[in-house]
Amino acid sequence: MVQYTKTNSMDILPILQQGVANAVQALYGMEVGAESVNMQSTRKEFEGDYTVVVFPYTKAARKKPEAIGEELGAYLKENIEQVQDFNVIKGFLNLVLSDEYWLTFLEDASTNATYGRQPRNGKVVLVEFSSPNTNKPLHLGHIRNILLGWSSAQLLDAAGYDVKKVQIVNDRGIAICKSMLAWRKFGKAETPQSSGIKSDHFVGKYYVMFEQKFQEEYRFWQHSEQAGSLYKGRKKEEQSEAEFFKAFKNTYFNEYSALGKEAREMLLAWEANEKAVRDLWKQMNGWVYDGFEETYEKLGVDFDKLYYESDTYLLGKESVQQGLKDAIFYQKEDGSIWADLTDAKPALDHKIVLRSDGTSVYMTQDIGTAQLRYQDFGTDRMVYVVADEQDYHFKVLFEILKRMGEPYADGLHHLSYGMVDLPSGKMKSREGTVVDADDLVAEVIAEARKNIEERGELVDMDKPELDEILRKIGLAALKFFIIKVSPKKRMTFNPQESVDMQGQTGPYVQNAFVRIQSILRKAGNASRNFSDYKTIESGEKELLAQIYAFPTVVQSAAESYDPSEMANYCYNLAQRFHKFYHDYSVLRADSEEAKAFRLELSRTVANVLESGMEMLGIEMPERM
RNA sequence: GGCUCUGUAGCUCAACUGGAUAGAGUACCUGACUACGGAUCAGGAGGUUCCAGGUUCGAACCCUGGCAGAGUCACCA
């Protein structure tokens with residue numbers, strides 16, 4: 001019979017699972033994998049630390065669940081040193097671990113500087129996020145994207161991967177030409193410096209101006225004879241004039257508009273590499289990048305490499321030709337090249353990968369860019385943080401890359417997330433209901449300032465130090481508010497609630513950390529020797545069990561690309577600490593051992609909170 | 001219309017992937033040691049988990065059929 005005695009305190013859960021598996025084998029002759037043993041933490045209304053669900057063994061045992069629970073419990077108590085006691089309620093076997101075990105665990109966790117982080121696994125994962133267009137500033141939608149990308153990258157790093165953070169900058173195309181054209185026509189050589197406008201907002205101003213001028217032109221045209229006869233000739237029955245012209249807008253831009261024509265000509269000139277247009281393009285994009293950089297810095301994010309669409313938009317063509325030879329694609333009579341994906345496991349459709357005139361589509365570039373990245377980094381996995389409107393695109397892309405036999409094809413993942421709505425409904429740039437990223441950051445910091453002033457806290461602190469704290473608090477509120485929501489769900493962004501600092505918020509978690517720092521400062525170098533502490537209280541055990549779960553949460557959140565798991569974990573840990581703090585005194589504990597134990601417990605909680613929040617891109621202040 | 005995603009307290013979100021009496025926050029009401037920091041804690045009230053069937057010891061979760069919302073079905077990006 002296997003004995004489970006002295007062992008690594010970090011692995012008690014697998015040991016318990018293996019114990020159950022062995023017990024089931026020994027008692028009922030049933031083979032079960034240890035991983036499949038259903039082990040969960042015991043609900044707080046019952047006595048115990050971990051709970052085994054015994055229903056799965058009723059068939060093999062031919063006994064009542066209660067009896068099975070008793071037998072399994074007795075076996076585990078007999079064979080596993082750390083199991084001190086057990087009780088059975090209905091089909092649930094609650095295991096009580098010994099205090100000695102928990103003391104050992106705390107000792108191990110508190111002395112491990114990288115607790116929760118996995119050793120390097122030698123694998124490279126690339127995370128693509130942000131990836132804005134260069135015609136206007138970043139907004140709330142980008143913020144969700146950036147926070148998801150950043151936190152996923154941090155989590156994967158903690159899980160042992162070598163992470164490369166990249167973006168693909170959409171720096172070319174008709175949109176940037178619109179800004180360029182408006183600036184050239186109406187800008188009068190104005191610059192961000194001369195106007196005092198942040199440089200990406202400056203470019204955005206001209207993008208908006210183009211839209212306005214175009215709308216003016218379009219409205220004027222609608223009264224022309226040409227427009228009138230087009231409406232009569234093409235309208236669907238019952239379609240009002242207003243409805244018709246709303247639907248006709250794109251066609252008008254492409255076929256009738258003078259401004260549209262100029263913009264398209266500019267795009268052609270850009271493609272023909274005309275110097276004047278290229279120079280203007282470089283200048284305006286340069287302005288945008290300066291502005292973006294400032295915003296990224298404020299958000300505390302950075303990238304390892306930027307890919308620019310102007311460099312990559314011709315990539316992939318050769319691979320498509322090769323794929324045609326390999327019969328992965330087929331060619332139509334007009335010369336266009338297609339992928340037939342109708343036999344994919346969840347069936348997809350036919351998809352074009354190269355136009356009849358030999359030019360690229362989005363898919364072509366994405367194929368080429370993926371290959372380029374593999375050459376650059378030798379990636380084992382690639383994660384694309386892109387909104388869920390592109391779900392289908394990525395299904396197709398991944399299927400194609402798989403058929404092309406790309407070595408990283410099994411490691412592709414689309415981190416799809418839902419759009420951000422406002423309480424008033426969808427964000428629409430045309431209706432001016434877009435929440436600007438810079439404004440938002442400024443607002444949450446202002447709110448933090450208002451809060452701290454109302455409280456009269458930290459009045460003694462000098463300004464730069466206080467500003468730094470306010471930045472941490474404000475950003476914590478904003479980031480946590482967004483990250484706590486499961487990515488694939490569409491979320492409602494309520495501006496008032498996003499600056500909340502009480503309840504389930506970033507500052508609430510920070511406050512737990514700050515309280516601990518305060519205790520530790522006051523404790524000075526009081527004894528940390530808690531080996532004589534004998535009776536762990538229930539509120540303390542809850543914290544220990546929660547700390548124990550941390551590495552598992554890191555692993556799970558990373559592997560499922562879901563930072564919200566970590567956010568919820570941090571909140572729960574902070575919540576338990578606040579309760580513990582209220583129920584027990586640390587510095588005035590009944591005994592020296594209790595004080596030492598609680599100090600070390602608190603310190604470990606603080607470390608885990610700081611570490612977990614860092615994985616979300618949220619920093620901890622020492623005071624607040 | 002086809003396909004995909006979502007639907008849980010008034011509101012914003014959880015639920016360890018099929019486990020015990022579905023949990024937090026917020027808003028509302030009530031309370032907390034002359035305070036290891038009250039950005040905290042405790043209590044109250046708040047539920048047909050969109051609906052109807054099915055699977056089983058057990059379903060918010062799986063299956064079938066509906067309903068509602070969103071997205072997508074371009075030689076656009």
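Chain letters run A, B, ... following the sequence lines, proteins first and then strands; every chain starts at 1. Worth knowing before you read on, the calculation uses all heavy atoms, side chains too, and leaves out hydrogens, waters and symmetry mates.
One donor-acceptor pair, N or O on each side, does fall under 3.5 Å between the base of A20(B) and the side chain of Thr51(A).
Counting only heavy atoms from C-beta on, Gln504(A) has its side chain closest to A24(B) among U40(B), A77(B), A24(B).
Between Arg455(A) and G37(B) there is no side-chain N or O to OP1 or OP2 distance below 4.0 Å. Remark: Arg588(A) is in phosphate contact with C36(B), judged by side-chain N or O atoms under 4.0 Å from OP1 or OP2.
For the side chain to side chain contact (heavy atoms under 4.5 Å, CB included) test, residues two or more places apart in sequence or in another chain that qualify with Ser498(A) are Phe481(A), Phe493(A).
Comparing the C1' positions of G46(B) and U26(B) gives an interatomic distance of 12 Å, to the nearest angstrom.
Residue side chain Phe55(A) meets the stacking definition with respect to G19(B): its ring centre sits within less than 5.5 angstrom of the base's six-membered ring centre, and the planes differ by less than 30 degrees. Taking the 5.5 Å centre cut-off and the 30° plane limit, the aromatic side chain of Phe46(A) is classed as stacked on A20(B). In this pair, Tyr392(A) does not lay its aromatic ring on the base of C3(B); centres under 5.5 Å and planes under 30 degrees do not both hold.
Under a cutoff of 6.0 Å and an axis angle of 45°, Arg172(A) and Tyr313(A) form a cation-pi pair. Geometrically, Lys484(A) does not engage Tyr508(A) in a cation-pi contact defined by less than 6.0 Å to the ring centre and at most 45° from the axis.
Comparing Ser585(A) and Asn94(A) along RNA chain B, the residue whose closest nucleotide (by nearest heavy atom) sits nearer the 5' end is Asn94(A).
Classification of the Tyr50(A)-Tyr548(A) ring pair by plane angle, with boundaries at 30° and 60°, yields perpendicular.
Between the side chain of Ser556(A) and the backbone N or O of Thr552(A) there is no donor-acceptor pair closer than 3.5 Å.
Within residues 170-177 of chain A, no residue has any heavy atom closer than 4.0 Å to RNA chain B.
Pair assignment for G69(B): C5(B), on the basis of Watson-Crick or G-U wobble contacts that are both within less than 3.5 Å.
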